[in-house]
Number of protein chains: 2
Amino acid sequence: MYERKIKEDLDCGIVVAMKVFGAKWKPCIIDAISRGIKRPSELHREITSTSPRVIDMQLSELVEYGIVSKKVYSGFPLCVEYSLTETGESIVPILMQLNQWGLKNKGLVKKINDDEPVETSRCLIHA
Amino acid sequence: MYERKIKEDLDCGIVVAMKVFGAKWKPCIIDAISRGIKRPSELHREITSTSPRVIDMQLSELVEYGIVSKKVYSGFPLCVEYSLTETGESIVPILMQLNQWGLKNKGLVKKINDDEPVETSRCLIHA
DNA sequence: CTCCATACGGAATAATTTTTCGGTATACGA
DNA sequence: TCGTATACCGAAAAATTATTCCGTATGGAG
């Protein structure tokens, strides 16, 4: 586990919020779970733009923060299900609002970085 | 200027939103400007937890994205004023909402990282 | 001319996050 | 026992972001 050298101000709401969904794939994971994709292997299949390892790591942080809860079923095959906690649910509308804002204003950023096509995709919107 | 090796999906609203205020000091800068702190030197005095250079860099990105507009007065002493564009203004309520969410839920994160006191502060709330 | 306040920027380094690669473990069925 | 599907994790490498250090330029004051 990586140990920070520069301390964070965990009394700042923004800092806290960013720890919870500021990472690259966390919004994507939260969104997927909110859409009913519960099992790790399903999430791995759903989010193909990054590796399973990355999903697992960010997911375990979300569990640690109490955003996602994890339920282990000891049947066969080995089965784990993730779901959003109440707190986790409360992020979803904010995430949607962020997404809306970004979609509305993406022209601002796009004018600047309009060189090459995109390889990875972590879009929340799944048509 | 740093050139990315991994492309971003600039059609994803979240990605766009994060480019605009996902960086470490951007929320702080936007907040300060929205509170009427306009000049670079004022911002440097206001935000002491990072160096002027960092503020300048993140500020210039905000200008580039059209979130902040820059006005140069050629009097003496040399004077520059930043202000939020209309788009920039439209972020402020979202930022406040993020901050509120974080404040409400900071206990989740704090239980985990409660080792040492904080050195830096980038809190949006200035009592 | 020198000094000061303002504003900005290059470039190296440090810190952090993301990615890759490979491994462990469990329980079942053939 | 061996193979398979599930789920997870350590550690190094790569990529990205933040920080530090130091330099430039302008225009007025002394």
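Naming convention: chains lettered A, B, ... in sequence-line order (proteins, then strands); numbering from 1 in each chain.
Residues B/Trp25 and B/Ile55 are not in side-chain contact: their nearest non-hydrogen atoms beyond the backbone lie 4.5 Å or more apart. The side-chain heavy atoms of A/Met18 and B/Leu98, taken from C-beta on, include a pair separated by under 4.5 Å.
In this structure, the OH atom of B/Tyr73 is 18 Å from the P atom of D/dG28, given to the nearest Å. Rounded to whole angstrom, the span from the CH2 atom of B/Trp25 across to the C1' atom of D/dT17 amounts to 13 Å.
Rotation axes derived from the C1' atoms of the five outermost pairs at either end of the helix from C/dC1-D/dG30 to C/dA30-D/dT1 lie 30° apart, to the nearest 10°.
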Item checked: Protein-to-nucleotide contact annotation, 5' to 3' order, nucleotides 5-16 of chain D [B base; S sugar-phosphate only; - none; under 4.0 Å, heavy atom] -> -BSBBBB---SB

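Residues passing the side chain to side chain contact (heavy atoms under 4.5 Å, CB included) test with A/Glu42 are A/Ile37, A/Lys38, A/Arg39, A/Arg45, sequence neighbours excluded.
If you check every strand for non-hydrogen atoms under 4.0 Å, B/Thr50 touches sugar and phosphate atoms only.
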Distance-only check: which donor-acceptor pairs under 3.5 Å involve side-chain atoms of residues 82-90 of chain B, not counting sequence neighbours?
residue: B/Ser83; atom: OG; partner: B/Ser69; partner atom: OG; Å: 3.2
residue: B/Thr85; atom: OG1; partner: B/Gly66; partner atom: O; Å: 2.6
residue: B/Thr85; atom: OG1; partner: B/Ile67; partner atom: O; Å: 3.2
residue: B/Thr85; atom: OG1; partner: B/Thr87; partner atom: N; Å: 3.4
residue: B/Thr85; atom: OG1; partner: B/Gly88; partner atom: N; Å: 3.0
residue: B/Ser90; atom: OG; partner: A/Trp101; partner atom: NE1; Å: 3.0
residue: B/Ser90; atom: OG; partner: B/Thr87; partner atom: O; Å: 2.5

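Note that the first and last nucleotides of DNA chain C, 5' to 3', having any atom under 4.0 angstrom from a heavy atom of chain B are C/dT6 to C/dA11.
To the nearest 0.5 Å, atoms CD (B/Gln58) and CD1 (B/Ile47) are separated by 9.5 Å. Atom CG of A/Leu103 is separated from atom CG of B/Asp11 by 8.5 Å, given to the nearest 0.5 angstrom.
Of the charged side-chain nitrogens involved, none lies within less than 4.0 Å of a carboxylate oxygen, so that B/Glu61 and B/Lys19 do not count as a salt-bridged pair.
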